[in-house]
Amino acid sequence: MRWKDFIYQQIIEHCNNTGSRTFSLQEILREKLSVFQAFRPDNKHIEAKIRQQLQFLRNDGLISFLDNTGHYTLRGVDLLDSEKEEIASIDFTKETPEKREYLVETYVRKVKWVKQAIDIFGYNCLFQSCGNTFLREDGIPYIEVHHIIPLCHGGEDKLWNLSVLCAHHHRMAHFSDANTQIAVEKLLLKEVAARI
Ligand SMILES: [Zn+2]
Ligand SMILES: [Zn+2]
């Protein structure tokens with residue numbers, strides 16, 4: 001194995017251990033000096049070698065130089081081990097039905113409903129004069145589709161029960177106190193009935 005690949009491997013291991021993509025040469029040396037010495041016992045200039053290889057890794061876009069304090073950031077890895085665990089730990093089946101419904105509505109694409117809802121309601125949150133949105137990367141305004149009466153509470157997957165909300169009001173619909181939730185339901189049913 002080449003020095004560059006070996007050092008890169010050690011950096012990834014180091015970042016996985018610390019749970020941070022940012023590291024310094026000093027940290028790497030402190031933790032891995034004996035590993036590098038074992039890799040090439042004949043090399044008497046380990047630190048200089050690593051400095052040189054960090055430049056190569058930087059040229060390859062695998063790490064970047066952060067500032068004048070000698071810190072680098074690992075760029076060539078999408079997810080650290082700890083982050084992979086975090087994503088794997090989102091287990092929809094363990095959430096309450098209410099929370100699961102919100103997570104699915106918000107994070108799992110429901111192409112059919114998004115299209116229908118936007119055709120009818122446009123991109124405006126149904127809370128009057130809300131106007132809270134932003135442009136997504138593709139230039140389309142951001143909006144979330146919401147079932148007014150949650151499916152887990154017997155709501156239907158039909159047009160009368162469908163609405164569009166900004167992210168804030170969507171959370172309000174799901175996570176506010178009982179009285180507010182009832183008020184939101186009434187308001188949305190009225191707004192939707194006037195449009196379909
Ligand atoms: Zn919802
Ligand atoms: Zn809103």
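The analysis underlying the following values was restricted to heavy atoms, covering all of them including side chains, and did not include hydrogens, waters or symmetry mates. Residue numbers run from 1 in the order of the sequence given. First listed ligand is number 1; within each ligand, the first listed atom is number 1.
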query: Hey, mind stepping through Arg136 and Asp138 against salt bridge (charged side-chain N to carboxylate O under 4.0 Å, His left out) and telling me if it holds?
result: CA-CA 5 Å; Arg136 308 188 315 184; Asp138 58 10; 2.5 Å; yes

message: Once you measure the plane-to-plane angle for Phe175 and Tyr102, does it fall in the parallel (<30°), tilted (30-60°) or perpendicular (>60°) bin?
response: perpendicular

message: Whether the His169 and His146 side chains hold a donor-acceptor pair (N or O, under 3.5 Å, no angle test) is what I'd like checked.
response: no

- request: Can you tell me, to 10 degrees, how wide the angle at the Zn ion (ligand 1) is between ND1 on His146 and NE2 on His174?
  value: 100°

- request: Give a yes or no answer on whether the side chain of Asn16 reaches the backbone of Asp81 with a donor-acceptor pair at less than 3.5 Å.
  value: yes

- prompt: Any side-chain donor-acceptor pair under 3.5 Å between Gln53 and Lys4?
  reply: no

- line: What lies under 2.8 Å from the Zn ion (ligand 2), restricted to protein N/O/S atoms, is Cys125 SG, Cys130 SG, Cys166 SG, His169 ND1

message: Using only atom types and a distance under 3.5 Å, with no angle test, would you say the side chain of Thr133 pairs donor to acceptor with the backbone of Tyr142?
response: yes

